[in-house]
Protein chains: 2
Amino acid sequence: MIVASNWRLSYGALERICYKHRSSWETLIPMNKISLPNNGSSLHEIVREEISRRIAAGVYKPGDAITSTAQLVAEFGVSSTTVKRALRDLRCAGLLTSMPGKGTFVKHRCRFIQELDVCMSSSLDNARWLDFQTKIELVSISRERVSNSTLSIFDPQDKVLVCIRKVIYADEVPIMYDSSFLPVNISDEIIDEFSECFIIDALRRHNVDVKDISLIIDSAPASREAQQVFQAPNGYPTLRRLYKSNNSTLSVFGVVESPFDRLACRIGFVSSQFSKIDKKK
Amino acid sequence: MIVASNWRLSYGALERICYKHRSSWETLIPMNKISLPNNGSSLHEIVREEISRRIAAGVYKPGDAITSTAQLVAEFGVSSTTVKRALRDLRCAGLLTSMPGKGTFVKHRCRFIQELDVCMSSSLDNARWLDFQTKIELVSISRERVSNSTLSIFDPQDKVLVCIRKVIYADEVPIMYDSSFLPVNISDEIIDEFSECFIIDALRRHNVDVKDISLIIDSAPASREAQQVFQAPNGYPTLRRLYKSNNSTLSVFGVVESPFDRLACRIGFVSSQFSKIDKKK
DNA sequence: GAGTGGTCTAGACCACCCT
DNA sequence: GGGTGGTCTAGACCACTCC
């Protein structure tokens, strides 16, 4: 894994925003039908873009609290509802986090890039090589039917399976939420194994060839569990990797969910990477 | 490309929701401090989940209009603001679309899966093989500096480049928004070429090896342009593919953006594909 | 107790569509 | 003209934090 610091959202080029105090708007705009100064944007969009601009310009710095809602209401001359709508949208864009009773803060930007080269070297061991403090936290082990309809793409056939849910941290930041499903007749040792390490590492120990793994990458609004794990608001975009091992000896499938601003995948096609890994083994 | 029909959001298992008319709440709940029937959820969440449940249950069917906002207000006994908030969240979850003056409609579900095997066979030709009506629509050709900060990962060095933007349709549905950057000294023929076909197809014609292509897959809220192209609301999750050709003869980089509910990527590691391509060459 | 963010209300106005 | 969704207001209440 590689860290991409100073990575920024492509939230759209920031426009120069002009805003006026509400009082002057009320007297000027609706009466005289003058062309609106907001370029067709609504008020909450103007507020949103202005705050977004201030973050980009460094007026509000990562980790700092921004101006409080009440003050923004006074400053922009709009209602509190409008300011709160703008702040909520910026939270969904990954720019802000809010803590009731404390304030609204600019998020730190730090995204991890997971290598997905053809030999699937993206294991926890890999991350350790690059000096990341990685940690795996077991959330639950349960027996259940697959209710996540996304996984129906792997045809789970409505059987009861063992489900292992865990959270993977990098430098104390939660970056992955993994739900893996195993057959119920699996041994306890294998369950323990899957609870403690990356899926890829676990599969390797059982000599599962990477070529037997099917991988689907997609995006989706954060699931309910992911919202809790990552403290993300409803609708927060996530990057998902749906995986399935087609190996006959060990059948596993599942999904890894990551906040869009915490993880990206890189696919390398460089042939030299093959030999590098081979030599180590 | 393969179509995954009947694909569903993993919006979270739908809970059984109980709601009461506002009037009865006011008299019962706040006065007697009875445990709330909403399991700690707020009103807009209850409304959201109930409408979500109805869509999943087929009460509201794809393409149909759901109950109007005014009627929902009466039915749930909440304010219009609350219902509208719930509907907006469901729009961001990809379940609904609204048309002012007409109504709110349940979206059709149909997602395309783009194959990203090691030989990068995901070209427009591939799509044609599978009987999709694919179409490419040129949006613009311009000279500009790279303002999209996501692409700074490819180190564009603040030079003026030729930017070609286009929309790719499958079965009349826009599924990709591509922005590619080429050097300014490139010939008009090559610009025309890139305007008319998939990036991969264009690169192949110039004998660019797939091993020279760097690919990063991530997720992000829809850019301003993507919002327009896909008629997606602000904050709509998208799947992005950032690509760069490292070949010395033809330097290209760019980004393809797709709505999360329209496209997923599959990575195949089947070794037979290796040999197949090798034999062809 | 003052300040914070989160939720909610009961209105209002607008642009739009259909009849 | 009646219905639709989108935006906005000026309040209110709550849980929370910090002093």
Check this for me: does any side-chain nitrogen of one of [X] and [Y] sit under 4.0 Å from a carboxylate oxygen of the other?
X: D218(A); Y: R111(B); answer: yes
X: R54(B); Y: E50(B); answer: yes
X: K107(A); Y: D261(A); answer: yes

I want to check one thing: is the phosphate of [N], taken as OP1 and OP2, less than 4.0 Å away from some side-chain N or O of [X]?
X: R85(B); N: dT7(C); answer: yes
X: S79(A); N: dA10(D); answer: no
X: T81(A); N: dT9(D); answer: no
X: T69(B); N: dT4(D); answer: no
X: R91(A); N: dG6(C); answer: yes

d([atom1], [X]; [atom2], [N]) in whole Å:
X: R88(B); N: dC8(D); atom1: CZ; atom2: P; result: 11 Å
X: K84(A); N: dC14(D); atom1: NZ; atom2: P; result: 14 Å
X: I66(A); N: dT4(C); atom1: CD1; atom2: C1'; result: 12 Å
X: Q231(A); N: dG6(C); atom1: CD; atom2: P; result: 13 Å
X: L87(A); N: dT4(C); atom1: CG; atom2: C1'; result: 12 Å
X: R48(A); N: dC8(D); atom1: CZ; atom2: C1'; result: 15 Å
X: Q71(B); N: dG2(D); atom1: CD; atom2: P; result: 17 Å
X: L72(A); N: dT9(D); atom1: CG; atom2: P; result: 14 Å

query = Got a sec, which residues hit side-chain contact (heavy atoms from CB on, under 4.5 Å) with K102(B), two or more places apart in sequence or on another chain?
reply = M99(B), F105(B)
message = Quick check: do D89(A) and R85(A) have side-chain heavy atoms less than 4.5 Å from each other?
response =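 With C-beta onward as the side chain, the pair touches.
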Test of ring centre spacing under 6.0 Å for Y236(A) and F230(A) = no
request  = Could you identify which residues of residues 98-106 of chain B place a heavy atom less than 4.0 Å from some atom of DNA chain C, listed by residue number, or say none?
outcome  =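 Hits under 4.0 Å, by residue number: P100(B), G101(B), K102(B).
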query = What residues, two or more places apart in sequence or in another chain, satisfy salt bridge (Lys or Arg N to Asp or Glu O under 4.0 Å) together with R165(A)?
reply = E144(A)
request  = Record whether the side chain of S80(B) comes under 3.5 Å of the base of dA10(C) through a donor-acceptor pair of N or O atoms.
outcome  =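 By the distance-only test, no, there is no pair.
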key: L43(A) side chain, from C-beta outward: closest of dT9(D), dG5(C), dT9(C)   = dT9(D)
